[in-house]
Colleague: 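My questions all concern the structure below.
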Protein chains: 2
Amino acid sequence: MFDEICPSEVVPFRIGDKWAGMIIRCLEHGPRRFSELRIPLRTITAKVLTQSLRTLERDGLILRHVHTTPVQRVEYDLTPLGRSILEPLAAMCAWTEDHWDELLDAREA
Amino acid sequence: MFDEICPSEVVPFRIGDKWAGMIIRCLEHGPRRFSELRIPLRTITAKVLTQSLRTLERDGLILRHVHTTPVQRVEYDLTPLGRSILEPLAAMCAWTEDHWDELLDAREA
DNA sequence: CAGCATCCGAAAGGATACTG
DNA sequence: CAGTATCCTTTCGGATGCTG
């Protein structure tokens, strides 16, 4: 999903905007900082990451925490609502893995 | 989902393009003709419906059958692959129903 | 560090008119 | 009936430069 070689465009599911699904997965195992998120999401720009995070925050799926001690730190974390979406998201990913070959075959033909 | 009063934009999931998920649900109970699909999808234009159907066909999720007896009839039907996507799609819809109020509350705040 | 402001190109979606 | 063709508007994502 995060690999540039991986043709993610084949995945027919999307949550929110282009990056929202991947952001949610990045937060699966605990809070992450803005700059930490930029690592797995290599090609995302700061502006677009900010946009996606704001949308997710507005929708109540993540929370934004600002720490000013001593330097600026901003952490993002899943809300219970955001965490609850991991289950249907996993179902989607499982389906995609199961039918990956069929999807690629269909594209070729 | 098909009601114009219903704020479908709140639904954070999407399959393929804007209409693909709804088209798949329209085909859930058997094949449908082009013009039949335009009824529940009231606001879709012929061009965009054609585009979405071609994409779904290319991805192997639906099949297109042309009947020329005696007038032109074109029917669309789910493939086994397309039918298998109904399950994760249902999981997504169930999640959305369960958390509908939370999503709307978050938007207001 | 974690953004915001500005500008830009590409793509998606749609309106309208026409066709085998 | 089931589309095509053409044009147009909007939206999306990104590049670049600046800031508290």
Side-chain angles (χ1 to χ4, degrees), chain A residues 1-2 4 6-24 26-27 31-59 62-77 107, chain B residues 1-2 4 7-24 26-27 30-59 62-77 107:
Chain A
M1 193 172 188
F2 302 108
E4 61 185 328
C6 158
S8 301
E9 301 80 43
V10 177
V11 179
F13 296 105
R14 275 182 59 180
I15 293 191
D17 63 26
K18 178 176 177 181
W19 300 95
M22 289 185 264
I23 291 172
I24 288 174
C26 289
L27 298 176
R32 293 286 180 267
R33 299 176 56 179
F34 187 86
S35 45
E36 287 179 312
L37 289 171
R38 298 191 67 173
I39 298 170
L41 309 172
R42 280 183 311 285
T43 63
I44 198 171
T45 61
K47 177 193 142 187
V48 174
L49 178 54
T50 303
Q51 278 179 181
S52 290
L53 289 168
R54 291 291 136 81
T55 302
L56 288 168
E57 192 186 3
R58 186 201 60 185
D59 288 350
I62 67 173
L63 281 177
R64 181 171 180 271
H65 295 285
V66 182
H67 309 268
T68 334
T69 54
V71 296
Q72 191 181 7
R73 281 171 62 90
V74 180
E75 283 194 329
Y76 295 91
D77 198 2
R107 287 261 170 141
Chain B
M1 193 170 189
F2 303 108
E4 60 184 327
S8 300
E9 301 81 42
V10 176
V11 180
F13 296 105
R14 274 181 61 179
I15 293 190
D17 63 25
K18 179 176 176 181
W19 299 95
M22 288 185 264
I23 291 172
I24 289 174
C26 289
L27 298 176
R32 294 285 182 266
R33 300 176 55 180
F34 186 86
S35 46
E36 286 178 314
L37 290 171
R38 299 191 67 174
I39 298 170
L41 309 172
R42 280 183 311 284
T43 63
I44 199 171
T45 61
K47 177 193 141 188
V48 175
L49 178 55
T50 302
Q51 279 180 181
S52 290
L53 288 168
R54 293 288 138 85
T55 302
L56 289 168
E57 193 187 3
R58 185 202 59 185
D59 289 350
I62 67 172
L63 281 176
R64 180 171 180 271
H65 295 285
V66 181
H67 309 269
T68 334
T69 55
V71 297
Q72 191 180 9
R73 282 173 61 92
V74 180
E75 283 194 330
Y76 295 91
D77 199 3
R107 286 264 169 137

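Convention: sequence-line order gives letters A, B, ...; per-chain numbering from 1. The figures here come from the full heavy-atom set of this structure, side chains too, leaving out hydrogens, waters and symmetry mates. Quantities reported herein were computed from a predicted structural model and do not represent experimental measurements.
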Colleague: May I ask you to say what A/V71 touches in the nucleic acid, namely base, sugar-phosphate or nothing, with a heavy-atom cut-off under 4.0 Å?
Modeller: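 No contact.
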
Colleague: How close do A/C26 and A/R32 get, counting heavy atoms only, and between which atoms?
Modeller: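 Distance-wise, the nearest heavy atoms are O-CG, 3.6 Å.
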
Colleague: Of all residues at least two apart in sequence or in a different chain, which pass the salt bridge (charged side-chain N to carboxylate O under 4.0 Å, His left out) check with B/R33?
Modeller: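 Salt bridge (charged side-chain N to carboxylate O under 4.0 Å, His left out) check on B/R33 returns nothing, list empty.
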
Colleague: Which of these nucleotides, C/dG3, C/dG13, D/dA2, is closest to any side-chain atom of A/Y76?
Modeller: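 Selected nucleotide (nearest to the side chain): C/dG3.
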
Colleague: Can you tell me if B/T50 touches the phosphate of D/dG3, counting only side-chain N or O atoms and a distance under 4.0 Å to OP1 or OP2?
Modeller: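 False: B/T50 side-chain N/O out of range (4.0 Å or more) of D/dG3 OP1/OP2.
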
Colleague: For C/dC4, take OP1 and OP2 only and decide whether either is under 4.0 Å from a side-chain N or O of A/R54.
Modeller: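 Yes, such a contact exists.
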
Colleague: So, for B/L37 and B/L49, which heavy atoms are closest and what is the spacing to 0.1 Å?
Modeller: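 Heavy atoms of B/L37 and B/L49 come nearest at CB-CD2, 4.2 Å.
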
Colleague: Can you check the A/R38 CZ to C/dC1 P distance for me, whole Å?
Modeller: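 After rounding, the gap between these two atoms is 10 Å.
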
Colleague: Please find the pair of heavy atoms, one from A/P40 and one from A/E36, that lie closest to each other, and give the distance.
Modeller: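 Between these two residues, the closest heavy atoms are CD-O, 3.0 Å.
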
Colleague: Is there a side-chain polar atom (N or O) of B/R64 under 4.0 Å from OP1 or OP2 of D/dG3?
Modeller: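 It does, given that an N or O in the side chain of B/R64 lies less than 4.0 Å from OP1 or OP2 of D/dG3.
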
Colleague: Can you list the residues that meet the side-chain hydrogen bond (donor to acceptor under 3.5 Å, both in side chains) rule with B/R64, with sequence neighbours excluded?
Modeller: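 By the side-chain hydrogen bond (donor to acceptor under 3.5 Å, both in side chains) rule, B/R64 matches B/Y76.
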
Colleague: Would you please name every residue forming a side chain to side chain contact (heavy atoms under 4.5 Å, CB included) with B/L63, sequence neighbours left out?
Modeller: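 Listed in chain order: B/H65, B/T79.
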
Colleague: Would you mind reading off the distance between A/E75 atom CD and C/dA2 atom P, rounded to a whole angstrom?
Modeller: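 My rounded result for the distance is 9 Å.
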
Colleague: List the residues meeting salt bridge (charged side-chain N to carboxylate O under 4.0 Å, His left out) with A/R73, not counting sequence neighbours, and say none if there are none.
Modeller: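 Listed in chain order: A/E75.
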
Colleague: D/dG13 P sits how many Å from A/L41 CG, rounded?
Modeller: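 Taking CG of A/L41 and P of D/dG13, I get 13 Å after rounding.
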
Colleague: Restricting both atoms to N or O, compile the protein contacts to nucleotides 10-12 of chain C shorter than 3.5 Å, with distance only.
Modeller:
none

Colleague: Please give, in whole Å, the distance from C/dA2 C1' to A/I62 CD1?
Modeller: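 Value for this atom pair: 14 Å.
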
Colleague: Do nucleotides 15-20 of chain C as a string where each nucleotide becomes B, S or -: B if the base has a protein heavy atom under 4.0 Å, S if just the sugar-phosphate does, - if no protein is that close.
Modeller: B----B

Colleague: Could you state the NE2-P distance from B/H65 to D/dG3, rounded to the nearest angstrom?
Modeller: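 Rounded to whole Å, this separation is 13 Å.
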
Colleague: Can you measure A/H67 atom NE2 to C/dA2 atom C1' for me and round it to whole angstrom units?
Modeller: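 To the nearest whole Å, that distance equals 13 Å.
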
Colleague: Separation of A/L49 atom CG from D/dT16 atom P, in whole Å?
Modeller: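 Atom CG in A/L49 sits about 18 Å away from atom P in D/dT16.
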
Colleague: B/T55: what forms a side-chain hydrogen bond (donor to acceptor under 3.5 Å, both in side chains) with it, not counting sequence neighbours?
Modeller: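 Testing B/T55 for side-chain hydrogen bond (donor to acceptor under 3.5 Å, both in side chains), a comparison that skips the adjacent residues, returns none.
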
Colleague: Who passes salt bridge (charged side-chain N to carboxylate O under 4.0 Å, His left out) against A/E57, sequence neighbours left out?
Modeller: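 For A/E57, the residues satisfying salt bridge (charged side-chain N to carboxylate O under 4.0 Å, His left out) (neighbours in sequence not counted) are A/R54.
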
Colleague: Take atom CZ of B/R42 and atom C1' of C/dG13, then tell me their distance rounded to the nearest Å.
Modeller: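 In whole Å, C/dG13 C1' and B/R42 CZ are 18 Å from each other.
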
Colleague: Whether A/R33 contacts C/dA2 is assessed here as follows: a side-chain N or O lying under 4.0 Å from the phosphate OP1 or OP2. Is that the case?
Modeller: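 Yes, A/R33 has a side-chain N/O under 4.0 Å of OP1/OP2 on C/dA2.
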
